[in-house]
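Written below as structure tokens is the structure these notes are about.
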Protein chains: 8
Amino acid sequence: MTDIRWDEGREARTGFPEVIFGKSKSIEQLQRLFREGEGLRLATQLDAAQREALRGLAEVDELSRTAVRNPRPERELPPVGILTGGTGDIPVAEEARAVLRALGHPVRTFFDVGVAGLHRMQGVLPELRECAVLIVCAGMEGALPSVVAGLVDAPVIAVPTSVGTGVSEGGRVALHAMLASCSPGIAVVNIDSGFGAAAMAVKTVNKLHRP
Amino acid sequence: MTDIRWDEGREARTGFPEVIFGKSKSIEQLQRLFREGEGLRLATQLDAAQREALRGLAEVDELSRTAVRNPRPERELPPVGILTGGTGDIPVAEEARAVLRALGHPVRTFFDVGVAGLHRMQGVLPELRECAVLIVCAGMEGALPSVVAGLVDAPVIAVPTSVGTGVSEGGRVALHAMLASCSPGIAVVNIDSGFGAAAMAVKTVNKLHRP
Amino acid sequence: MTDIRWDEGREARTGFPEVIFGKSKSIEQLQRLFREGEGLRLATQLDAAQREALRGLAEVDELSRTAVRNPRPERELPPVGILTGGTGDIPVAEEARAVLRALGHPVRTFFDVGVAGLHRMQGVLPELRECAVLIVCAGMEGALPSVVAGLVDAPVIAVPTSVGTGVSEGGRVALHAMLASCSPGIAVVNIDSGFGAAAMAVKTVNKLHRP
Amino acid sequence: MTDIRWDEGREARTGFPEVIFGKSKSIEQLQRLFREGEGLRLATQLDAAQREALRGLAEVDELSRTAVRNPRPERELPPVGILTGGTGDIPVAEEARAVLRALGHPVRTFFDVGVAGLHRMQGVLPELRECAVLIVCAGMEGALPSVVAGLVDAPVIAVPTSVGTGVSEGGRVALHAMLASCSPGIAVVNIDSGFGAAAMAVKTVNKLHRP
Amino acid sequence: MTDIRWDEGREARTGFPEVIFGKSKSIEQLQRLFREGEGLRLATQLDAAQREALRGLAEVDELSRTAVRNPRPERELPPVGILTGGTGDIPVAEEARAVLRALGHPVRTFFDVGVAGLHRMQGVLPELRECAVLIVCAGMEGALPSVVAGLVDAPVIAVPTSVGTGVSEGGRVALHAMLASCSPGIAVVNIDSGFGAAAMAVKTVNKLHRP
Amino acid sequence: MTDIRWDEGREARTGFPEVIFGKSKSIEQLQRLFREGEGLRLATQLDAAQREALRGLAEVDELSRTAVRNPRPERELPPVGILTGGTGDIPVAEEARAVLRALGHPVRTFFDVGVAGLHRMQGVLPELRECAVLIVCAGMEGALPSVVAGLVDAPVIAVPTSVGTGVSEGGRVALHAMLASCSPGIAVVNIDSGFGAAAMAVKTVNKLHRP
Amino acid sequence: MTDIRWDEGREARTGFPEVIFGKSKSIEQLQRLFREGEGLRLATQLDAAQREALRGLAEVDELSRTAVRNPRPERELPPVGILTGGTGDIPVAEEARAVLRALGHPVRTFFDVGVAGLHRMQGVLPELRECAVLIVCAGMEGALPSVVAGLVDAPVIAVPTSVGTGVSEGGRVALHAMLASCSPGIAVVNIDSGFGAAAMAVKTVNKLHRP
Amino acid sequence: MTDIRWDEGREARTGFPEVIFGKSKSIEQLQRLFREGEGLRLATQLDAAQREALRGLAEVDELSRTAVRNPRPERELPPVGILTGGTGDIPVAEEARAVLRALGHPVRTFFDVGVAGLHRMQGVLPELRECAVLIVCAGMEGALPSVVAGLVDAPVIAVPTSVGTGVSEGGRVALHAMLASCSPGIAVVNIDSGFGAAAMAVKTVNKLHRP
């Protein structure tokens, strides 16, 4: 395959397999990648035409904009929790879920639990405490990770989303708020990167969990 | 007084008197302003030398960096509540308190009630509900106004402070987070502007309160 | 309704009901929300398809991009004044008006009274002074709130709009100018947020007004 | 003089002589420049040590931070008006005045006429209309040029100043507001550049004025 | 005409008539404005549909995106020169030309004379020196005004254009370079604002020129 | 202790104790906090005077700018590795080490292993693979986390440092580079926040490690 | 050709011929430029319609978006190496290749050798060392030039690309990372400017190479 | 030497030796580095105390803030030219000169030849053409590289300097202008990085020059 140097040894080396970033791939490249090799193939950030082109070659999901071939069976691992502040953050959360599931990690979701109505998040605290790692997706002022990290003992991987208007459009405000959080135990990934949060969670659980 | 055009009619016209902004005044100008005229004189943002120079001419306060001559007696008005997220925000809160007191408004303060330990703020909710207006000062990720406005019925005047490190140094992150808040009923003033928040509160209470 | 956690207690708790933010909702979600429950339903930031889908279920307004079901009858309250600097700011002003009306607040409007021709604004000063709160919408250099707050005794809720070209495109210049205003008695909401200004006005009038 | 290539022909070529920018000059360089040659020598942006070192060699002014040797006599020209919004803008205005005077241009000043009290500026309108060009210095929200250009027929050279706090500290807000002005007939120079405004005024009057 | 407050007295007051900014006007509003009143009507920043709608009511120009009704006859005035660095800047230059012509000012143009080939600009120096004012439009690094102001005695009104790629896309680099110019005698208008530059030139020539 | 609301329950609630942020504390406040209570007390970001004032009350470390009273004994846990790109990043790394040690976590350090000489980092790869979590501190272009995460299976907590000149001064470039990394398995904390990285590592190891 | 001043002497003067920047040219202008004159004609940044219009007049390349007429024959020169971090950077690399080939310079390419899998780049080190100059194209965190310059003795011309998401979208992060590199021997061109890198390489090889 | 991993093989590997960046080194570290090893030692960015501490161990230069031990003798190579726009840029130019000289490269300097007086630069054109590479240092609007690259055939390494006021303070405007230049054959290094420009020049001449 011209111009693509597939990194076969990545999972052995780093504990996380090479994943196809859809944005910079042609449909031909994508189809070949899903026809070649064996075992797991996972692609993210696929646009509508790319998703259409992969039907039949992979399990395609519209909301998370992913495609997966030969997902790993779910393993006996502590679950990763995924929270969102609002409904607009759900596509980002679904990308994280798709990556985790493809790699066999159990997931629990807690959507629309933002800080404008704290009782919604406080109502799920016992379940949050059962998760090994929490992925918290929020746009606008990005306050949810601060509140969550002040209440639970799991590490928080914060995902700023581009949901917002005016100053918060594009996700910079949420990103900066999460980095500046006054609650210890938060680390942050790139804007809208459900993928990046899932990768961090996968490497964390795989490296640290002993059954 | 050369070059200063004192706006005598400002209080009659706008409901808020002219206040001296210390930063652009010489010591001579300040001393003359506090010797001339009669009634209330209020100066903010005074540096150490300016404060020293006004002792004897006014009541000088170190923490709020203000000086006041002939403050108005406290009036029968509903109180303005002032909250801070941390201890670093207190000088900004004190500037707001000094302005409100000089103009005769009762004040209640609730300091160090930030979102990393929500129980601190939730413990004072009944008292917050007795205030007509809430001034909420916070730096870092600036999440406190969102949480407060989601729990009480008073309008929130949010004051971003320059307290923070890294991305939040200088107060831009808190400012943007407050503007982007997902909780309705928040309006924002300039960074570190305890004065601006107090002015908004004064005009609001004076215009709207009917005993 | 999957994934949406409707905050029924918000109005009792905060004095302002939950309002539907159209941007992150599907048409199915919107239609269900307007079919379910009873009493007031209000949605903002609706695009053309969403507005079309809500006809018959709600009163839809094109200019303000809102839909309302069961608006509250107008109450005996002091009016909220809404000003715009130019004609381009009117959609933002109309969003504020729609929210205020849905909640029963009387409104007066003063459009196209920007600072390039001051006599237009000065001509309506007596009417401005009858309003309890002023919502001032302006784009470009955002100077109108400064001028208004220097002439009237009502608190000013400033709304920067994204109207402008070159450096002012998107509304950041107007936002910053309003925050930096030399006139006391101004607080600011997010860019283009007629909704945010109306919410602040509603909570202010409801909390403070005693007939 | 090593490393300095004095541009003797600049005034003949461009109508404006070479002026010494103090910031990048050593005291030795400055003293030599004021001892050499003949006729007008003008230096701006001098710090305290540089000003001290030039006493005896030139007329040194503390407020404008300038030094001038052999200023030109005042010529029969229409005056240039210089306005400031507040007292903090006066040093910038004085730099403009020093440059204009050194080159023989009559100047009128109107200080502390900012938009928080419009009557101050409106009181000097007849005098403003007698000026050929207006230099308007303002910090904070930088609204004064918009208001002035909406009321007089002289071209406005706007000078944003670094006076301000929070978002307006450093002068970017005033700069952008002036560029975005809704009033036609304004052009802008660099932040705090009284020198740049004066140079524009000098070239404008010299090129266009016919007695 | 609802919502538009036409400023009839603007030309008498400021020496420059009200001009219609197309961006915030509906086609109905534009057509009415061109049917009403008498004398000069000028609109800028018209999109294709707006221009189409004004054919028959005004002289419409595609390149400058303007429409004019009853332009003033050319007056006996010194010409305004308009330069561009490249061919991409020409639409901005044409907007300036359209405004100047509508108001009766003679214009000379010098296009594609950027600094990558200095001989092109140096070849027209004698003609540049005959102009009363120079409007210099440039994108990318925006260096042309610096070079021109270092060679001629006319005041330079610099217009940064949004022509550029990478860091210079949108015109901020050219804007800042023009403000930071080391050549005295330059003032700057908003990005792509041929209109703003023409307005400054018109007010300058009208106020200062004595035949 | 006026104005400080100590959050005694934080460790039980979140797995991480309250730590004193030195920047917003007076010397009196610090001394009282170190005299009161019992067990672990940890303060970070102490300036020279604060450190001096705590000698005798705590173990004070100059390089990390921390003070600790009653550190926890080292526990049987997998080590946390701390890397720096250069020598300038060491103070940030030392802050992380001080926090980890105070809480009983074993630490290994790998300093000055930046990407300009890759062999330095590649030489310690076997040791890096023995760490449970890697904290990677880098300034300038912040490339080290990308390279490390592409070679090892431990999750990487990236700490951008303010080390740099020109565009990278202050740490924004390193921050953004780390967020934008093409290597999966990286999450980022605030600029210079050795504390934040250590807190994330502590919560991760405590929550996930089963001996 | 109205409005275009073709700079015939540019190659004699600067060693690099005038190249047509497609973005600001009409199809008529492009076609005339390719019909006129003789010898090499090269255009870059052509959109689909422009490319279509030039078929038959020039050799048009889709991927690099260039058109060339009468390319120079390949000369006996040391090759220029072109690297990319990922597949998304290839169009930028192809623009550089097209310019170099049109001017007769040999080129070698090394695509998809980014830092997430270092072995890919280390595998081509011997070939990299045979190139006179290296053009390194990378988006996202832009770390590849740092790693390359730390391993080879050729000067590196770094090209940040706009490939990326979240904070790195648009290429600013890669640009800044390249400027801030800790590896000596790197200079940077504008975002996505394969053309600019090729021009620097051409002038470098032509000026310095002696066979 | 604890914590410093000296990269002995760097010159053999990359053609450029390890150079000591003074900013992140203690005086003890610097003195040890200059006492140890043999042959060339070069340190840049030394503050006054560091320079004082190295006297006797190295040749210390105040203006360039460098120290050198055992510089290489001047080699038979084509000279590198160094230009500055103004006198304020000279310290940056001197840093470049010190690095080039230490490594045995001949240098020619052309200071204070900025674009406000083009004749100064045009007067040295024949000498510029004799240089193999040109390092062009400029602050403010950073236009000098554009003009130079439009007139000579040598590649231009542009160094933006932090010289400037208002918008150009800190060097970002010059940096962006240089990246956006319309003249081909320019590549840019970090702000104030005379060192970075010299390193690029050294690697370029060493790799390409054949006597």
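Please read all numbers here as calculations on a predicted model, not as lab measurements. Throughout, a chain's letter reflects where its sequence line sits, starting with A, and its residues are numbered from 1.
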The interface call for Ile191(A) against chain F, heavy-atom contacts under 4.5 Å, is neither
Ranked by heavy-atom pairs below 4.5 Å to chain F, first place among Val205(A), Val19(A), Val152(A), Val156(A) goes to Val152(A)
Are any of the side-chain heavy atoms of Phe195(F) and Pro184(A) separated by less than 4.5 Å? yes
All heavy atoms of Cys131(A) vs all of Lys207(F), minimum pair found to be O-CE, 3.1 Å
**Prompt:** Counting heavy atoms not belonging to Glu59(F), are there more than 12 under 6.0 Å from its CD?
**Reply:** no
Per-residue tally against chain F (heavy atom, under 4.5 Å) across Cys182(A), Pro155(A), Ala199(A), Ser181(A) peaks at Pro155(A)
**Message:** What I'd like to find out is whether the side chain of Leu208(F) reaches to under 4.5 Å of the side chain of Thr204(A), using heavy atoms alone.
**Reply:** yes
Distance col, row Met200(F):CE vs Met200(A):CE, nearest 0.5 angstrom, shows 5.0 Å
Per-residue tally against chain F (heavy atom, under 4.5 Å) across Ala180(A), Ala149(A), Gly196(A), Gly9(A) peaks at Ala149(A)
More than 12 non-hydrogen atoms from neighbouring residues, nucleotides or ligands closer than 6.0 Å to CZ on Arg51(A), yes or no?
yes
- So do the side chains of Arg13(A) and Leu151(F) get within less than 4.5 Å of each other, counting heavy atoms only? yes
Answer key: most heavy-atom pairs under 4.5 Å with chain F among Met178(A), Lys203(A), His176(A) is Lys203(A)
Per-residue tally against chain F (heavy atom, under 4.5 Å) across Gly15(A), Gly150(A), Pro78(A) peaks at Gly150(A)
Worksheet item: So Val189(A) and Ile186(F), side-chain contact (heavy atoms from CB on, under 4.5 Å) or not? Walk me through it.
Response: CA-CA 7 Å; Val189(A) 297; Ile186(F) 297 173; over 6 Å; no
* Using a 4.5 Å cut-off on heavy atoms from C-beta on, say whether the side chain of Val188(F) contacts that of Asn190(A). => no
